[in-house]
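Side chains included, hydrogens not; waters and symmetry mates left out as well; all remaining heavy atoms used. Each chain gets a letter, A, B and so on, in the order its sequence line appears, and its residues count up from 1. Only a predicted model underlies this, so the values are computations on that prediction, with no experimental measurement involved.
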Amino acid sequence: MDKNYDHKLHEDKIISAWEKSGAFAAPEASRAKADGKRPFTLIMPPPNASDPLHVGHAMFVTIEDILIRYHRMKGDATLWLPGTDHAGIETQFVFEKKLAKQGKSRYDFDRKTLYQMISDYVNEFSGVSVQQMKRLGASADWGRFKFTLDGDIVGFVLTTFEKLHRDGLVYRGERLVNYCVKCGTSYSELEVIHEEKNGKLYFIKYPLADGGEIVVATTRPETMPGDTAVAVNPEDGRYKHLVGKMVILPLANRLIPIIADPMVEKEFGTGAVKITPAHDMADYETGMRHNLPLIQAIDFSGRMAGAAGEFAGMKVEPARTAVIEKLDALGLVEQTKEHIHNVGTCYRCHSIIEPLPLAQFFIKTKTLAAKAIKALDSGETVVLGAGRDKILLDWLTNIRDWNISRQIVWGIRIPVWYDVTANPTMEVGFLNTASEFVRGTLIEMMERGHSLAEIEAGLQTLRPAIGAEFVVSKTKPGDNYLQETDTFDTWFSSGQWPVATLATNRPDDLSYYYPTNVIESGYDILTIWIMRMMLLSIYLTGETPFKWVYLHGLIRDEQGRKMSKSIGNVVNPLDLVEKYGADALRMALVMSTTPGSDSNVGESKVRGMRNLANKIWNAARYVMEPVNQDQKPGPMDEEFNQKLKQVIHDVTDQLENLKIGLAAETVYNEFWHWFCDKAIEDNKSCELSSDALRRGFVVFLKLLHPFTPFVTEAIWQNMIKDGLLLASTWPDA
RNA sequence: GGGCCCGUGGCGCAGUUGGUAGCGCGUUUCAUUGACAUUGAAAAGGUCAUUGGUUCGAGUCCAAUCGGGCCCACCA
């Protein structure tokens, strides 16, 4: 054996030996069942198919692989099911940025072509993440690999939607949605980030119809053309006498009522609020309570709409200035104050989110959430992650209906159809045969000579009226139908992941390997993903999808800063693997970490763990040729055996209880500071037999294997020369 | 405004059901040609944020305070 362990000489060879052995594959359910084996199932959180791995991925690969290797050695029927996600918005966003560089946009292509282009782009990179996971040592069952847009997964997702619809849990409704005019799609509230911004609070005089005025405070005067009321608090003595009176809305010169609603805070501003139901979530709610009409002043491109009269066509920011100037000229601006307020921004592109009214598909979540709450309350599902279980519970308790429509093509198209003859005025946007993007009502377009077939072929957007009837069907229900152009929220498909991946694999996988034991992910997607999996999986199977939720923390740099491209402190996990070996990176990522807490990882820690790999290697060299060759028990043998048992017991116990960081620390310390520093020295002084030392070392190889699989396997091949360490059995205490 | 998490030697972090504090990196001194300098031995360094309480005993439980971070929320 070489004097030093060089990971480059071993890792690739070991990966292929493992793969060739077939040990990664989970046993067939029927056989495992017959053998009386206990299943251990872990569904991999699917990384974006087109993205290379970052440290967060390396973290989940490591933690999950540790658990999988441990359970495999314990003799469980172990399934680690891998996959990748199409990541609808993320991917289309990146792709459109590429198009923009070529001076093109999504409107230069018909749906099919655009989809194909993105698909090709994703396929070009889709192998990368899988290769990288393998380099980290991921012992997943690659034969069961799934992609969220695989035909069988898509079929499964569509069936789920049909079932939800049959059960009355789907509706199409016009709601204020969080719309990003730059991304051209709506988002669920989970994808909106609230940021504090400096703005101005304008105090504007609204004249009363029968003389006098009422002053309202607003940060968004440009939405005034959409005002449909002024609201005051019912308890507010200053305004009680005005409730029910009419005001003349400046600029538009429309009459709108003064209403009383408890949502108004008396202390803020003037205690009077303009109500703009089409452009503010709270106003929308108020509008619903008071049956106020919806007037859209801003359109989906982020410009002022026709209702804004002279301001129509202007972008929001300049329109705000223009409106204030005009009002000021009319003497209607009482005062302007500097004001810090929360603004919703797009998590993707950081543009300001416009709340806009749009007909979308929603899933009713209340009844689904009740079952998830029950699973948490009863302990059927336990969340590990520094109190984040309470955040989950809070979300489930206050859950809102889930907007699952996205206005993008990269995803699963919603299987809903509209009858053309029944909806002649729905708006269509399509690429015509002359490759121009045209938009208008269906009937207009047909009158202009565009055939239904032409429209259907180039269709990008379809906007049927609010109450339009629709048919849910996987296939076209008749010649006179056009399909909804929205696709499902990516999380709608990944929310079914544990069930969908098992149901579309081997025949008995779902019945045997479900519910899964552990789901592992970063806490940043607790609500957006984990919660959705609970909702949909319980709905589909009646059982909670996982017993344990293990939430790992964010990985920060050595100084505790978030990794970001602008700081330039992003570490590529594969570079570290190249330099120090996969074992070193794995150990550095998990040692002394605890669920839910962020951890800082820098090169010095990885280097320290590379030293561990070398230490193991050299311990092997000693054990194979110890100074004391005596097989007979030495005076320290008894104590050594006792201690060894204790170590096995501790590590096993910690792994059983998902205390992975602690288990890593225990093996590290006991191996280095007890086995190497004490036991080997005892052997040198002839107090410990070589026999005991060797048995102890083999135990340590096994205990270390889940954490540092490569170096331990390399030694096993050198020393034991029988089978693979990967497939050996876990030591008994 | 409501909720959650964190505050342990210079730095980064553990500490499993409460029993007189550990690890990595760093620092100091010494050692080493036979497992490993990617090493070993020894050492310096912490009143476990502060205050009060429960307990025979608290880093570990409770309360309050200060500091840092996060989540949620219709003060426009």
Q: Between B/G40 and B/C71, how far apart are the two P atoms, rounded to whole Å?
A: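 It comes out at 42 Å once rounded to the nearest Å.
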Q: Please work out if A/Asp677 contacts a base, only the sugar-phosphate, or nothing of the nucleic acid, heavy-atom cut-off 4.0 Å.
A: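 The residue A/Asp677 makes sugar-phosphate contact but no base contact.
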Q: Searching all strands shown, indicate the nucleotide that pairs with B/A58 (Watson-Crick or G-U wobble; both distances under 3.5 Å).
A: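 None - no nucleotide pairs with B/A58, as no candidate has both distances under 3.5 Å.
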Q: Check every strand shown and say whether A/Lys684 touches a base, only sugar-phosphate, or nothing at a heavy-atom separation below 4.0 Å.
A: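 A/Lys684: base contact, heavy atoms under 4.0 Å.
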Q: Are OP1 or OP2 of B/C72 and a side-chain N or O of A/Lys390 less than 4.0 angstrom apart?
A: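 Indeed not, no polar side-chain atom of A/Lys390 lies that close.
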Q: Using atom P of each nucleotide, how far apart are B/G18 and B/G59 to the nearest Å?
A: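 Comparing P positions in B/G18 and B/G59 gives a spacing of 13 Å.
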Q: Using the 3.5 Å cut-off, write out each protein N or O paired with an N or O of nucleotides 73-76 of chain B and the distance between them.
A:
from: B/A73; atom 1: OP1; to: A/Arg400; atom 2: NH2; distance (Å): 3.3
from: B/A73; atom 1: N6; to: A/Asn342; atom 2: ND2; distance (Å): 3.0
from: B/A76; atom 1: OP2; to: A/His339; atom 2: NE2; distance (Å): 3.2
from: B/A76; atom 1: O3'; to: A/Thr219; atom 2: OG1; distance (Å): 3.0
from: B/A76; atom 1: N6; to: A/Glu265; atom 2: O; distance (Å): 3.0
from: B/A76; atom 1: N6; to: A/Phe268; atom 2: O; distance (Å): 3.2
from: B/A76; atom 1: N1; to: A/Glu265; atom 2: N; distance (Å): 3.2

Q: State the pairing partner of B/G7; accept Watson-Crick or G-U wobble contacts with both distances under 3.5 Å, and report none otherwise.
A: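 The answer is B/C66, by the H-bond criterion.
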Q: Which base sits across from B/C30 as a Watson-Crick or G-U pair, both distances under 3.5 Å?
A: B/G40
Q: Where do A/Gln646 and A/Asp650 land on the side-chain hydrogen bond (donor to acceptor under 3.5 Å, both in side chains) test, with the steps shown first?
A: CA-CA 6 Å; A/Gln646 187 60 47; A/Asp650 288 351; 2.9 Å; yes
Q: Take the protein atom NZ of A/Lys579 and the nucleotide atom C1' of B/U38, then report the distance between them rounded to whole Å.
A: 14 Å
Q: Taking any strand in view, what nucleotide pairs with B/A21 in a Watson-Crick or G-U wobble way, both distances under 3.5 Å?
A: none
Q: Please work out whether the ring planes of A/Trp529 and A/Trp491 are parallel, tilted or perpendicular, with thresholds of 30° and 60°.
A: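 The rings of A/Trp529 and A/Trp491 sit tilted, inter-plane angle from 30° to 60°.
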Q: Please give, in whole Å, the distance from B/G3 C1' to A/Asp389 CG?
A: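 Computing the A/Asp389:CG to B/G3:C1' distance gives 12 Å.
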Q: Round to a whole Å and report the spacing from CG of A/Asp650 to C1' of B/A14.
A: 15 Å
Q: Scan every strand shown for a Watson-Crick or G-U wobble partner of B/G1, both distances under 3.5 Å, and answer none if you come up empty.
A: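 In the structure as shown, B/G1 has B/C72 as its Watson-Crick or wobble partner.
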Q: Might you list the N or O atoms of the protein lying below 3.5 Å from N or O atoms in nucleotides 21-28 of chain B, with each pair's distance?
A:
from: B/G24; atom 1: OP1; to: A/His673; atom 2: NE2; distance (Å): 2.8

Q: Identify the residue among A/Glu354, A/Lys274, A/His279 that makes a side chain to side chain donor-acceptor pair (under 3.5 Å) with A/Thr223.
A: A/Lys274
Q: Among residues 614-626 of chain A, which ones have heavy-atom contacts with RNA chain B below 4.0 Å?
A: A/Asn614, A/Lys615, A/Asn618, A/Ala619, A/Arg621, A/Tyr622
Q: When we call it a touch if two heavy atoms are under 4.0 Å apart, what does A/Ser599 touch: a base, just sugar-phosphate, or nothing?
A: nothing
